[in-house]
Asks: 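For reference, the structure I am asking about is given below.
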Amino acid sequence: MLHVDMDQFLVAVELLRRPELVGLPVVVGGRGDPTERAVVSTASYEARAHGVRSGLALKLAKRRSPDAVFLPVDFPVYEAASAVVMQTLRATPGAVVEVLGWDEAFVGIETDDPLAAARSIQAAVLEATGLHCSVGIGDTLVRAKIATDFGKPQGTFRLTRDNWMEVMGERPTTALWGVGTKIGARLEAIGIRTVADLAAADEEALVAAFGPASGSHLGRLGRGGGRTTPDDTPWVARAHGRETTYQADLITPDEVRAALAELAARVVDDVRKEERAVQRVHLKVRFAPFFTFTKVRKLPEPTFDVEVITQTAYDLYLALDDQRRVRLLGVRGEMVPPDGGY
DNA sequence: TCTGGGGTCCTAGGACCC
DNA sequence: TCTGGGGTCCTAGGACCC
């Protein structure tokens with residue numbers, strides 16, 4: 001099992017057409033203007049040395065790396081590069097490819113020499129795209145995925161049952177794929193701090209704390225277990241959403257209603273392209289200062305009328321406005337197909 | 001200190017049914 | 001008036017990932 005992950009993907013693609021920027025701190029994010037409200041999508045290794053990371057506000061990135069070159073996000077170009085990468089992976093004889101995102105995929109392959117297979121894939125991707133990648137080798141998807149980070153950049157690393165505990169045992173649980181700060185804190189509250197702690201944790205205690213699916217998943221994760229083969233079933237979206245970050249907070253009811261109508265129109269437009277019948281729309285409305293999607297509403301079905309969606313979301317906004325100090329930052333409409341999720 | 005835009009999957013609790 | 005056990009489905013919300 002291999003996990004292939006492109007190195008500083010968005011930046012690397014930009015450097016192909018702007019070779020004069022190689023070696024400089026480069027930040028890709030938003031419209032490329034660090035005075036605007038937007039975040040870093042990808043930072044070059046030189047910018048990362050200044051503490052610039054994905055998700056950091058562009059304003060703060062500028063402060064940390066004043067000399068960095070800021071570039072706008074150019075989706076079509078990255079999509080095209082991604083397609084060539086995935087095509088190259090699929091062209092590997094005997095490979096089963098499970099795409100995880102623009103810039104990464106699992107590659108299942110039968111071989112006695114996984115390291116050679118990894119090197120061969122790196123060479124093929126470089127040849128086809130001019131881009132470098134790192135490859136994790138593992139006996140499970142989770143181990144391969146986590147191994148990749150130790151191989152960056154342009155390298156390989158292998159994590160198996162034999163060295164998992166040695167490499168991961170003393171690390172915090174948040175080093176695991178799928179454990180973020182919230183779950184990490186809840187684990188710590190029940191005395192589980194490290195990966196080794198989690199691996200040794202009582203299954204029943206985990207299930208009691210996190211529920212049947214998550215509880216047993218967490219225990220397995222601590223041991224590096226789980227699936228051992230990728231699934232190349234073509235991906236079918238289960239939801240669609242549209243979200244926008246406004247450069248200034250929307251305060252007045254008129255501003256909010258207009259923004260909601262615009263987003264609703266975009267979601268409806270997207271849903272109409274679905275071949276499957278769609279019967280539910282969830283609305284999530286994001287507010288500051290909570291910075292979270294705070295409400296979900298199921299619409300009367302099957303309703304894909306812009307005005308109905310807009311009015312429902314607007315009612316939501318008015319209800320939350322009662323709490324005072326609510327600033328609208330973004331709105332997201334979500335559609336869920338009848339057979340999807342939950 | 002400020003906060004993308006696209007997603008996925010899971011859970012608690014209540015309603016309802018037999 | 002008090003109270004069963006098992007199951008399914010729905011709603012609202014949470015967490016995480018790239």
Side-chain angles (χ1 to χ4, degrees), chain A residues 3 5-6 8-10 27-32 34-42 51-64 72-73 75 78-79 82 98-106 142 145-146 148-149 173-174 176-187 207-218 221 235-247 249 263 266-267 270 279-301 316 319 327-338 340-342:
Chain A
H3 174 257
D5 193 289
M6 305 306 294
Q8 51 173 13
F9 183 57
L10 272 50
V27 175
V28 176
R31 293 190 284 190
T35 67
E36 288 190 350
R37 190 185 258 179
V39 297
V40 175
S41 290
T42 305
V52 179
R53 297 275 181 283
S54 296
L56 189 71
L58 288 189
K59 275 174 202 164
L60 294 178
K62 174 72 176 175
R63 206 173 300 166
R64 291 187 188 186
V73 176
F75 293 98
Y78 314 140
E79 267 159 25
S82 174
E98 178 174 339
V99 177
L100 279 190
W102 271 355
D103 67 336
E104 64 176 291
F106 288 113
V142 160
K145 163 86 179 163
I146 292 175
T148 307
D149 282 338
T173 55
T174 50
L176 296 167
W177 182 35
V179 180
T181 53
K182 300 297 174 85
I183 301 287
R186 282 172 64 189
L187 283 169
V207 167
F210 294 95
S214 298
S216 46
H217 170 71
L218 282 169
L221 196 58
W235 178 74
V236 178
R238 292 158 184 75
H240 294 296
R242 287 295 173 268
E243 191 182 341
T244 296
T245 298
Y246 301 98
Q247 287 302 309
D249 297 336
L263 287 165
R266 284 163 59 196
V267 171
D270 208 37
Q279 296 178 343
R280 291 180 282 161
V281 169
H282 290 208
L283 290 167
K284 295 190 176 191
V285 185
R286 186 169 65 127
F287 296 93
F290 312 113
F291 197 68
T292 176
F293 297 107
T294 55
K295 288 291 170 188
V296 181
R297 281 290 183 277
K298 178 191 175 186
L299 294 184
E301 48 189 293
L316 210 58
R327 303 174 306 154
L328 184 67
L329 278 187
V331 182
R332 180 185 180 104
E334 248 184 36
M335 74 87 188
V336 181
Y342 304 85

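Computation of the quantities below employed the complete heavy-atom set of this structure, encompassing side-chain atoms and omitting hydrogens, waters and symmetry-equivalent molecules. In the text below, chain A, chain B and the rest are named by the order of the sequence lines, each starting its count at 1.
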Asks: Check DNA chain B for consecutive Watson-Crick or G-U pairs with both distances under 3.5 Å and list the runs of at least three as stems.
Replies: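 Ordered by first number, the stems with DNA chain B (at least 3 consecutive pairs each) read B:5-18 with C:5-18.
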Asks: Taking the minimum atom-to-atom distance to the side chain of A/Trp235, which one of C/dA15, B/dC10, B/dG7 wins?
Replies: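 When the side chain of A/Trp235 is considered, B/dG7 is the closest of C/dA15, B/dC10, B/dG7.
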Asks: Taking the side chain from A/Arg186 and the backbone from A/Ala209, do they hold a donor-acceptor pair closer than 3.5 Å?
Replies: yes
Asks: Let me know the distance between CG of A/Leu10 and P of B/dG6, rounded to the nearest Å.
Replies: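 Atom CG in A/Leu10 sits about 15 Å away from atom P in B/dG6.
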Asks: Of the candidate nucleotides B/dG5, C/dC18, C/dA15, which contains the atom at the shortest distance from the side chain of A/Glu243?
Replies: B/dG5
Asks: Expressed in angstrom and rounded to an integer, what is the separation of A/Phe75 atom CZ from B/dG5 atom C1'?
Replies: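 Rounded to the whole Å, the gap is 7 Å.
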Asks: Give a yes/no on whether any side-chain N or O of A/Lys59 is located under 4.0 angstrom from OP1 or OP2 of B/dC2.
Replies: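 So the side chain of A/Lys59 is outside the cut-off, no N or O lying under 4.0 Å from OP1 or OP2 of B/dC2.
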Asks: OP1 or OP2 of B/dG5 sitting under 4.0 Å from any side-chain N/O of A/Ser41?
Replies: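 Result: no.
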Asks: Without decimals, in angstroms, what is the distance between A/Arg53 CZ and B/dT1 C1'?
Replies: 16 Å
Asks: CG/A/Leu263 to CZ/A/Arg266 distance, rounded to the nearest 0.5 angstrom?
Replies: 5.5 Å
Asks: Roughly how many Å is it from CZ in A/Arg37 to P in B/dG4, rounded to a whole number?
Replies: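 That distance rounds to 8 Å.
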Asks: Can you tell me if A/Thr245 touches the phosphate of B/dG5, counting only side-chain N or O atoms and a distance under 4.0 Å to OP1 or OP2?
Replies: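 The answer is yes; a side-chain N or O of A/Thr245 sits under 4.0 Å from OP1 or OP2.
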Asks: Taking the minimum atom-to-atom distance to the side chain of A/Ser214, which one of B/dT11, C/dC16, B/dT3 wins?
Replies: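 The closest nucleotide is B/dT11.
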Asks: Could you say whether A/Val236 or A/Phe210 is positioned toward the 5' end of DNA chain B, judged by the nucleotide with the nearest heavy atom to each?
Replies: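 Final value for this comparison: A/Val236.
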Asks: Applying side-chain hydrogen bond (donor to acceptor under 3.5 Å, both in side chains), can you list everything that pairs with A/Thr173, at least two apart in sequence or on another chain?
Replies: none
Asks: Rounding to a whole Å, what distance do you find between A/Gln8:CD and C/dC18:P?
Replies: 17 Å
Asks: Measure CD1/A/Ile183 against P/B/dC9 and give the value in whole Å, please.
Replies: 16 Å
Asks: If you measure from the P atom in B/dT3 to the same atom in C/dC18, how many Å do you get, rounded?
Replies: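 These two P atoms come out 23 Å apart once rounded.
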Asks: Are the side chain of A/Ser82 and the backbone of A/Tyr78 linked by a donor-acceptor contact shorter than 3.5 Å?
Replies: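 Looks like no, no N/O pair under 3.5 Å.
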Asks: OP1, OP2 of C/dC18 versus side-chain N and O of A/Trp177: anything below 4.0 Å?
Replies: yes
Asks: Decide yes or no for A/Phe210 and A/Leu218: does some side-chain heavy atom of the first lie under 4.5 Å from some side-chain heavy atom of the second?
Replies: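 When only atoms from C-beta onward are counted, A/Leu218 and A/Phe210 do touch, with a gap below 4.5 Å.
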Asks: Let me know the distance between CG of A/Leu176 and P of C/dC16, rounded to the nearest Å.
Replies: 12 Å
Asks: So, is A/His240 near the phosphate of B/dG7, with a side-chain N or O under 4.0 Å from OP1 or OP2?
Replies: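 For B/dG7, OP1 or OP2 has a side-chain N or O of A/His240 closer than 4.0 Å.
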Asks: Could you please name the option among B/dG6, B/dT3, C/dC18 that lies closest to any side-chain atom of A/Ala57?
Replies: B/dT3
Asks: Classify the nucleic acid contact of A/Val179 as base, sugar-phosphate or nothing, counting any heavy atom under 4.0 Å across all strands shown.
Replies: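 Sugar-phosphate contact only.
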Asks: Can you tell me the distance, in whole Å, between the CG atom of A/Leu218 and the P atom of C/dC16?
Replies: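 The distance from CG of A/Leu218 to P of C/dC16 comes to 10 Å, rounded to the nearest Å.
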Asks: Taking all heavy atoms of A/Ala38 and all of A/Gly30, pick out the closest pair and write down the distance.
Replies: CB-CA, 3.8 Å
Asks: Report the distance from atom OG1 of A/Thr245 to atom CD of A/Glu36, rounding to the nearest 0.5 Å.
Replies: 11.0 Å
Asks: Please pick, from B/dT3, B/dT1, C/dC17, the nucleotide with the shortest atom-to-atom distance to any side-chain atom of A/Leu60.
Replies: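 Selected nucleotide (nearest to the side chain): B/dT1.
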Asks: As a test of reading the structure: which of B/dG7, C/dC18, B/dG4 is closest to the side chain of A/Asp103, going by heavy atoms?
Replies: C/dC18
Asks: Look at all strands and tell whether A/Thr181 reaches a base, only sugar-phosphate, or nothing, counting heavy atoms closer than 4.0 Å.
Replies: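 Sugar-phosphate contact only.
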Asks: Tell me if a side-chain donor or acceptor on A/Ser54 pairs with a main-chain N or O of A/Ser41 at a distance below 3.5 Å.
Replies: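 Answer holds: yes.
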